There are 2 protein chains.
Amino acid sequence: MTPRTDPRVARSRATVLRATLDLVAERGIPATTVEAVAERSGVAKTTIYRQWPDRAALVLDAFDTTLDPPTDPDTGTLRDDLVHLLTGLAHALTTGPAAALMPALVDAAQRDPVFAALHRREADRRHRVVLDAITRGIARGELPADTDPADVLDLLAGPLFHRRLISAPELTTDFAHRVVDLVLRAHTTPAPGRPEGQVRPWPIGRGNTVRDADAPRT
Amino acid sequence: MTPRTDPRVARSRATVLRATLDLVAERGIPATTVEAVAERSGVAKTTIYRQWPDRAALVLDAFDTTLDPPTDPDTGTLRDDLVHLLTGLAHALTTGPAAALMPALVDAAQRDPVFAALHRREADRRHRVVLDAITRGIARGELPADTDPADVLDLLAGPLFHRRLISAPELTTDFAHRVVDLVLRAHTTPAPGRPEGQVRPWPIGRGNTVRDADAPRT
DNA sequence: ACGATACGCTACGGATGCGTAGCGAAGATG
DNA sequence: CATCTTCGCTACGCATCCGTAGCGTATCGT
């Protein structure tokens with residue numbers, strides 16, 4: 001495959017996609033016009049239309065070629081895996097292109113079926129590695145056998161998104177550590193109403209440095 | 001104040017704001033054009049411009065007059081307060097106008113300082129009632145004294161947002177119950193590294209009907 | 001009943017964006 | 001070196017939207 005090796009197309013394509021992502025992050029998807037992409041990238045508008053049929057295809061392609069899932073740490077411990085993944089998420093949500101791209105994608109997914117499919121697909125790819133880590137943890141007995149990995153995923157990632165996008169713009173790695181700590185603690189504690197799984201009285205002794213000294217602003 | 005009592009302005013204003021919100025929910029903020037609002041509302045475009053200086057003011061006013069914070073349940077128990085608030089949030093995020101409005105507002109807040117201020121202000125109003133409930137719970141001893149209410153808020157609301165907007169579109173009240181259950185359990189469990197607060201061996205016996213039988217799709 | 005006010009309507013001028021066509025120049029390929 | 005492809009550029013036609021002006025009509029306040 002890929003008999004297309006003309007360096008001109010590859011170069012213009014890469015330049016245009018880069019500029020498109022920058023503009024989406026800065027001004028949002030609807031304001032990312034083809035003419036703005038042409039101006040910023042230095043590539044002529046007609047050249048852009050030679051490689052993409054319309055504006056939607058360009059923006060979609062830009063998202064498509066940039067989002068990539070995190071790497072599976074597989075440290076051997078569920079806690080370390082989750083800390084690794086969650087601090088990585090916290091980092092991606094504060095710095096990195098995803099910081100401004102994610103809200104745009106979520107918003108677009110609410111209305112455009114094409115973006116919804118893209119969003120779903122990329123979220124699945126990202127979540128797979130987290131779900132795998134959780135599943136391994138269950139297999140090792142670090143979580144009860146009846147734990148729903150999907151629940152744990154939302155419990156873990158949700159607070160980071162919420163803090164970043166809704167409650168407070170400050171998102172620290174400390175918070176990611178606390179979230180992992182609390183979610184694991186909740187699941188390794190016998191439930192009040194339901195018969196408990198294995199109880200495992202805390203095999204986790206990591207010094208987790210819970211220093212919370214932030215303004216408790218909402 | 002409010003010496004404006006002309007029923008004509010009140011009527012056109014209400015009609016236009018309603019149509020504006022509908023359009024924002026359907027097509028997003030940037031696609032909510034004044035002409036589209038005029039067409040849908042039946043109010044002439046010139047009339048719209050008589051009450052709002054420009055498009056931004058109209059959209060902003062539409063958000064402003066619609067978002068309202070939840071009511072404080074104050075049931076006497078932290079758990080019941082949180083279940084009430086969280087199921088209310090789950091309901092608002094699935095049905096109701098906020099379902100489609102929230103992503104648009106979050107996205108707009110990332111780029112437009114005016115929308116950022118609105119978002120921050122409305123989020124604060126919403127969060128205040130939750131933080132109050134948490135603070136009352138701490139005062140009653142239902143949570144350790146060193147609990148950070150802002151952390152608990154993100155732990156509670158985050159998973160609902162995440163499930164609704166990112167992982168899976170299905171958001172049930174069951175999930176809200178489970179989140180409250182787990183977050184409370186985590187905080188009323190002695191931490192491994194830190195001296196525990198009061199332990200209170202479960203004053204909660206509510207039959208919370210934890211029936212999880214969903215496809216563990218991400 | 002009668003001024004005052006808000007309304008709907010038509011018609012603008014200006015701007016911006018979409019997507020296309022044609023042409024000469026520059027670079028790639030063999 | 002000769003050919004083929006891509007590129008940049010200018011110039012469109014079409015559509016949409018912004019925000020404003022003017023005018024006649026319906027409605028409100030008194």
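Since the model is a prediction, treat every value here as computed from it, not as a measurement. Each chain gets a letter, A, B and so on, in the order the sequences are listed, and its residues count up from 1.
Here the nucleotide nearest the side chain of V43(B), chosen from dC7(C), dG8(C), dC7(D), is dG8(C).
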*Taking protein heavy atoms under 4.0 Å as touching, what does nucleotides 10-19 of chain C look like 5' to 3' if B marks base contact, S marks sugar-phosphate-only contact and - marks none?*
B------BBB

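End-to-end axis angle of the helix from dA1(C)-dT30(D) to dG30(C)-dC1(D), using five pairs per end and rounding to 10°, comes to 40°.
For R27(B), there are no salt bridge (charged side-chain N to carboxylate O under 4.0 Å, His left out) partners, not counting sequence neighbours. D64(B) pairs by the side-chain hydrogen bond (donor to acceptor under 3.5 Å, both in side chains) definition with R121(B), not counting sequence neighbours. For T47(A), the side-chain hydrogen bond (donor to acceptor under 3.5 Å, both in side chains) partners at least two apart in sequence or on another chain are R50(A). Residues meeting the side-chain hydrogen bond (donor to acceptor under 3.5 Å, both in side chains) test with R164(B), sequence neighbours left out: Q110(A). For R55(A), the side-chain hydrogen bond (donor to acceptor under 3.5 Å, both in side chains) criterion is met by no residue, not counting sequence neighbours. Residues satisfying the ring-ring contact (aromatic ring centres under 6.0 Å, His included) test with F161(A), not counting sequence neighbours, are H162(B).
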*Could you walk me through whether F115(A) and V59(A) pass the side-chain contact (heavy atoms from CB on, under 4.5 Å) test, one step at a time?*
CA-CA 10 Å; F115(A) 278 100; V59(A) 176; 3.8 Å; yes

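In terms of heavy atoms, E142(B) sits closest to G76(B) at OE1-O, 4.4 Å.
The CD atom of Q51(B) sits 16 Å away from the P atom of dG19(D) (whole-angstrom rounding). Atom CG of D6(B) and atom P of dG29(D) are 6 Å apart (whole Å). Nucleotide dC9(C) holds its P atom 12 Å from the CZ atom of R50(B), rounded to whole Å. Going from atom CD1 of I48(A) over to atom C1' of dC9(D) covers 14 Å, rounded to whole Å. The separation between R40(A) atom CZ and dG8(D) atom P is 17 Å, rounded to whole Å.
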Show me the protein contacts with nucleotides 25-27 of chain D, counting only N or O atoms at under 3.5 Å.
from, atom 1, to, atom 2, distance (Å)
dT27(D), O2, R8(B), NH1, 2.8

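Near DNA chain C, meaning a heavy atom under 4.0 Å away, there are no residues from residues 11-27 of chain A.
Atom CD of E39(B) sits in a sparse spot, with 12 or fewer heavy atoms from other residues, nucleotides or ligands closer than 6.0 Å.
For the ring-ring contact (aromatic ring centres under 6.0 Å, His included) condition, no pair includes a residue of residues 32-55 of chain B, sequence neighbours left out. Annotation: salt bridge (charged side-chain N to carboxylate O under 4.0 Å, His left out) contacts involving residues 84-103 of chain A, sequence neighbours excluded, are absent.
Contact check on R40(A) versus E35(A) returns no salt bridge, with no Lys/Arg side-chain nitrogen under 4.0 Å from an Asp/Glu carboxylate oxygen. Using a 4.0 Å cut-off between charged nitrogen and carboxylate oxygen, R136(A) and D81(A) count as a salt-bridge pair.
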